[in-house]
2 protein chains.
Amino acid sequence: MTNKALQEERTRSYFIEATKEILKGEGSKALSVRNIAERAGYSYATLYNYFKDQTELVSLSVLEFKDECRDTVNKSFRKSDPGLEEIKGIVKAYISYFVQYPGVFDLFYIEKLASKSVNDEVINFLDTLCQEDWDYLMSIQHFTIEEVVGIRSILNKSVIGVLLSYLKRGTPSEYSAFVKEIDLLLENVLKK
Amino acid sequence: MTNKALQEERTRSYFIEATKEILKGEGSKALSVRNIAERAGYSYATLYNYFKDQTELVSLSVLEFKDECRDTVNKSFRKSDPGLEEIKGIVKAYISYFVQYPGVFDLFYIEKLASKSVNDEVINFLDTLCQEDWDYLMSIQHFTIEEVVGIRSILNKSVIGVLLSYLKRGTPSEYSAFVKEIDLLLENVLKK
DNA sequence: TCAATATTATTAACAGTGTTAATTTTATGC
DNA sequence: GCATAAAATTAACACTGTTAATAATATTGA
């Protein structure tokens with residue numbers, strides 16, 4: 001019965017939306033089954049009629065955050081020509097997203113995810129956002145394949161590191177210094 | 001009475017040792033007040049007669065792990081001449097320590113620490129281990145001050161990133177690939 | 001040595017967590 | 001309207017950190 005399936009999907013979405021709200025707001029530390037259920041308008045045990053456990057709900061949220069992050073990056077940095085400047089813009093917009101939602105950073109890079117496929121999708125996400133630009137830079141022979149492999153690796157890892165330091169250790173303490181650090185980093189990593 | 005102070009210090013050390021054992025073994029996820037106390041041979045509430053709360057115990061553990069990590073790095077990489085090769089050795093030994101004790105990585109870079117001073121000590125730790133080498137490289141004019149500032153930043157952040165990816169996301173999945181990635185990274189970051 | 005005191009360690013309790021089983025409420029088909 | 005199927009709920013269990021009140025031990029003074 002398709003009517004039943006529709007209702008079920010609606011109820012599931014209430015739980016997912018509640019989970020996302022808490023993760024974006026108070027963060028994963030404040031997430032709890034009872035907290036989610038209350039916000040969704042159900043009792044805590046009802047959640048288990050629709051989801052295996054809490055981690056499934058978190059994994060589903062991660063996938064939606066991934067889409068949201070991609071949209072944010074695409075909008076905030078209006079696609080100019082492909083190349084180094086676009087990579088810089090993408091990286092900055094990507095970083096801005098996690099500064100706005102630190103709880104989502106935890107999900108992407110720290111918390112244990114239920115599904116291995118979600119895990120892999122997330123860890124390569126930033127790199128895939130820049131795929132076209134790297135292809136372009138190789139096509140015009142600005143970089144060799146070997147250079148691109150090395151630079152991509154450094155870029156991806158140092159972006160994760162700079163975010164972890166800022167969000168979890170408050171280093172640097174000022175946001176302006178953080179922005180400067182990123183500019184310096186991009187300048188040095190992407191130079192020939 | 002110095003006898004009393006001695007006994008108190010001994011009891012404190014039992015709790016600290018128990019905490020360190022759990023953190024190195026099962027990790028911070030398995031850490032609990034009752035778990036620590038049981039291993040220390042006391043009841044759970046006794047802990048609060050010697051420490052403000054669990055976070056104080058964790059902060060004290062972090063400081064001891066810091067010393068242990070420094071010793072490990074100094075021993076495993078027998079100090080040759082200062083310079084690029086020594087930096088590579090230090091970084092590799094540093095990374096190895098956290099691969100051996102993933103729970104300690106969590107404490108250093110992820111978990112909220114009670115004391116801000118401990119926080120700052122930890123985040124700059126790798127960089128301070130290489131201090132002499134950077135000074136040397138500038139003294140022989142292998143790098144300029146500006147170059148060193150940029151390279152240090154990239155090195156520190158990308159080491160954190162590469163560790164986070166490997167320990168928390170299992171990327172790369174093979175240890176041999178992980179080692180290769182680090183070699184490539186060091187090669188590219190430290191080149192002129 | 002024995003009672004009074006000070007110190008140390010313990011149990012009980014509270015509010016919170018994830019999860020499961022049993023139960024109650026609601027909706028459906030005849 | 002009634003029996004049945006579905007959905008939502010409460011009760012319970014084993015955990016968590018932390019505090020207050022109690023029990024056990026050690027120390028002191030006479």
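So that the names make sense, note that chain A is the first sequence line, chain B the second, and so on, each numbered from 1. Owing to the predicted nature of the structure, the values given are computational and were not obtained by experimental measurement.
- Rounded to whole Å, the distance from CD on B:Glu26 to P on D:dC15 is 15 Å.
- Remark: A:Arg34 qualifies as a cation-pi partner of A:Tyr44 under the 6.0 Å distance and 45° angle criteria applied to the six-membered ring.
- Look at CZ on B:Arg10: it is 13 Å from P on C:dA9, rounded to the nearest Å.
- Distance B:Glu8 CD to D:dT27 P: 14 Å, rounded to the nearest Å.
- When rounded to the nearest whole Å, the span between CD of B:Gln54 and C1' of D:dT19 equals 15 Å.
- The base of D:dA7 has none of its N or O atoms less than 3.5 Å from a complementary donor or acceptor on the side chain of A:Asn49.
- For B:Ser32, a side-chain nitrogen or oxygen approaches OP1 or OP2 of D:dT16 to under 4.0 Å.
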Donor-acceptor contacts under 3.5 Å from residues 108-115 of chain B side chains, at least two apart:
unit_1, atom_1, unit_2, atom_2, d
B:Tyr109, OH, B:Tyr94, OH, 2.5
B:Glu111, OE1, B:Ser28, OG, 3.2
B:Glu111, OE2, B:Ser28, OG, 3.1
B:Ser115, OG, B:Ser117, N, 3.2
B:Ser115, OG, B:Ser117, OG, 2.9
B:Ser115, OG, B:Val118, N, 3.2

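- The separation between A:Arg34 atom CZ and D:dT9 atom C1' is 13 Å, rounded to whole Å.
- Residue contacts for B:Tyr42: at a heavy-atom cut-off of 4.0 Å it reaches the sugar-phosphate backbone alone, with no base atom in range.
- Counting any heavy atom pair closer than 4.0 Å across all strands shown, A:Ile36 reaches no nucleic acid atom.
- Taking atom OH of A:Tyr48 as the reference point, atom C1' of D:dT10 lies 15 Å away to the nearest angstrom.
- Taking atom OH of A:Tyr50 as the reference point, atom P of D:dA7 lies 6 Å away to the nearest angstrom.
- Following rounding to the nearest Å, B:Leu47 (CG) and C:dA9 (P) show an atom-to-atom distance of 11 Å.
- In the set C:dT20, C:dT10, C:dA13, the nucleotide with an atom closest to the side chain of B:Thr46 is C:dT10.
- One finds a salt bridge joining A:Lys88 and A:Glu187 here, because a Lys/Arg side-chain nitrogen approaches an Asp/Glu carboxylate oxygen to under 4.0 Å.
- Atom CD1 of B:Ile154 and atom CG of A:Leu184 lie 7.0 Å apart (nearest 0.5 Å).
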